[in-house]
There are 2 protein chains.
Amino acid sequence: MTYTIGQAARMFGLPVSTLRYYDREGLLPGMERRSGARVFGEKEIEALRVIECLKASGLEIREIRQFMAWTVEGPSTYPQRLALFQARRKALEEELGQLRRMLDMLKYKCWYYETACADGSEERVGAMAPDRFPPEIQALYDSAHSVG
Amino acid sequence: MTYTIGQAARMFGLPVSTLRYYDREGLLPGMERRSGARVFGEKEIEALRVIECLKASGLEIREIRQFMAWTVEGPSTYPQRLALFQARRKALEEELGQLRRMLDMLKYKCWYYETACADGSEERVGAMAPDRFPPEIQALYDSAHSVG
DNA sequence: GCTTGACCTGAAGTCAGGTTCATGGTCTAT
DNA sequence: ATAGACCATGAACCTGACTTCAGGTCAAGC
């Protein structure tokens with residue numbers, strides 16, 4: 001199965017211009033063309049999935065280009081590619097930990113403003129010591145206000 | 001307890017220039033000064049924690065400024081603030097779901113390249129049908145290759 | 001009273017990651 | 001054979017979020 005750039009763009013929820021930009025930047029090496037038009041095959045679709053997750057892990061375009069260059073270079077670069085995925089996995093796991101703490105903060109703030117709305121004032125909830133919060137809220141508060 | 005801009009910057013792992021930029025952009029309204037120098041009190045530290053998590057949820061600086069304007073405006077904006085936190089909570093939960101799928105892809109790729117390294121070639125692992133993967137890898141693969 | 005280090009300002013500069021524009025080619029259906 | 005919906009290009013442009021710079025203030029320690 002192959003796709004046009006428009007179909008691939010819809011599959012990934014990206015503008016066509018972004019896919020062309022990725023190609024220009026060397027993120028889709030060796031793509032086939034039919035009368036000038038790019039042909040997205042299974043290889044390119046998998047490349048887009050990889051781009052998606054490498055980007056999500058915080059990698060920059062130029063580093064993704066480096067990875068794609070390694071895939072072109074062949075088996076001698078397996079160790080680099082493995083090391084890259086291991087490093088990005090670690091980075092993303094740490095990022096997820098941070099984001100869970102951010103989410104706890106948002107949940108705490110939801111409770112805070114629900115309470116303030118109900119009271120018509122922040123006075124009571126703002127003056128309340130954290131150890132008087134409901135237990136599940138206290139856990140959110142602690143997570144959101146813990147060190148680093 | 002109060003802090004200088006340098007101390008606050010260290011607390012949040014941010015450059016001093018970023019805190020000044022936030023102040024300039026209206027993200028730290030009504031901050032006290034002592035002979036010209038900004039004084040970061042509990043209010044500002046909590047504001048920085050809120051900025052941190054609103055940013056993490058995908059909010060732009062100008063939208064965070066809007067929120068800070070609401071906190072200055074008083075109790076009449078509790079409903080807007082609550083709605084904002086609820087919306088950002090939802091957005092971040094969805095983002096976390098996406099990132100977990102990205103992490104599954106990274107884990108799958110780690111396994112893929114571990115196997116390729118061990119084999120000295122991608123041939124075997126690349127030709128293997130997903131239903132022949134080890135069960136835990138199959139779960140990662142399915143998660144990473146499921147519809148958006 | 002002078003040096004040092006940390007603070008201040010407004011204006012300009014930087015960078016990544018796209019996006020837009022002007023112009024033109026190619027297919028498919030009517 | 002013409003319209004409409006795709007596709008293409010290079011170059012210029014844009015945006016958000018900082019960062020840097022030049023020049024100045026202030027408090028503390030020697």
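In what follows, chains carry the letters A, B, and so on, assigned in the order in which the sequence lines appear, proteins first and then strands, with residues in each chain numbered from 1. This is a predicted model, so every value here is computed, not measured.
- Contacts of residues 41-56 of chain A with DNA chain C (heavy atom under 4.0 Å): A:Lys55.
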Quick test: give all pairs of protein nitrogen or oxygen and nucleotides 21-26 of chain C nitrogen or oxygen below 3.5 Å, distance rounded to 0.1 Å.
none

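- Donor-acceptor pairing under 3.5 Å is lacking for the side chains of A:Tyr3 and A:Glu44.
- Across all strands shown, B:Arg33 has heavy atoms under 4.0 Å from sugar-phosphate atoms exclusively, and none from any base.
- Under 4.0 Å is where a charged nitrogen must lie from a carboxylate oxygen, and between B:Lys109 and B:Glu122 no such pair does.
- Under the 4.0 Å criterion applied to side-chain N and carboxylate O atoms, A:Arg49 and A:Glu42 are assigned as salt-bridge partners.
- Aromatic rings of B:Phe133 and B:Trp111 (six-membered ring for Trp) have centroids within the 6.0 Å cut-off, being under it.
- Between B:Glu93 and B:Lys90 no salt bridge is recorded (no basic side-chain N to carboxylate O distance below 4.0 Å).
- For the contact set between residues 6-27 of chain B and DNA chain C, defined by any heavy atom under 4.0 Å, the members are B:Gly6, B:Arg20.
- Sparse packing is recorded around CZ of B:Arg132, with 12 or fewer heavy atoms of other residues, nucleotides or ligands lying under 6.0 Å away.
- Evaluated for a side chain to side chain contact (heavy atoms under 4.5 Å, CB included) with B:Met102, the options B:Gln98, B:Met105, B:Arg100 yield exactly one hit, B:Gln98.
- The hydrophobic clustering, which links ILVMFWY residues whose side-chain heavy atoms are closer than 4.5 Å, places B:Tyr113 and A:Val72 apart.
- A salt bridge between A:Arg65 and A:Asp23 is absent, with no side-chain N of the basic residue lying under 4.0 Å from a carboxylate O of the acidic one.
- Each end of the helix from C:dG1-D:dC30 to C:dT30-D:dA1 gets its own rotation axis from five pairs of C1' atoms, and the angle between them is 10° to the nearest 10 degrees.
- The ring-ring contact (aromatic ring centres under 6.0 Å, His included) contacts involving residues 35-80 of chain B comprise B:Phe67-B:Phe85, where partners must be two or more places apart or lie in separate chains.
- Computed from coordinates, the A:Glu60 CD to C:dT14 P distance equals 18 Å when rounded to whole Å.
- Both A:Met128 and A:Tyr108 belong to a common hydrophobic cluster when Ile, Leu, Val, Met, Phe, Trp and Tyr are linked at side-chain heavy-atom distances under 4.5 angstrom.
- Taking atom CD1 of residue A:Ile64 and atom C1' of nucleotide C:dA16, one finds them 12 Å apart after rounding to whole Å.
- By the neighbour-count criterion of 12 heavy atoms within 6.0 Å, atom CD of A:Gln7 is densely surrounded, having more than that number from other residues, nucleotides or ligands.
- The structure places CG of A:Leu59 at 11.0 Å from CD1 of A:Ile51, a figure rounded to the nearest 0.5 Å.
- Heavy-atom neighbours of B:Glu123 CD from other residues, nucleotides or ligands within 6.0 Å: at or below the threshold of 12.
- When atom types are taken as modelled, the side chain of A:Arg89 and the backbone of B:Leu106 share no donor-acceptor pair closer than 3.5 angstrom.
- When rounded to the nearest whole Å, the span between CZ of A:Arg65 and C1' of C:dA16 equals 12 Å.
- Here the range on DNA chain D touched by chain A, meaning any atom under 4.0 Å from one of its heavy atoms, is D:dC7 to D:dT9.
- Close to C:dC7, at under 4.0 Å from its OP1 or OP2, lies no side-chain N or O of B:Arg38.
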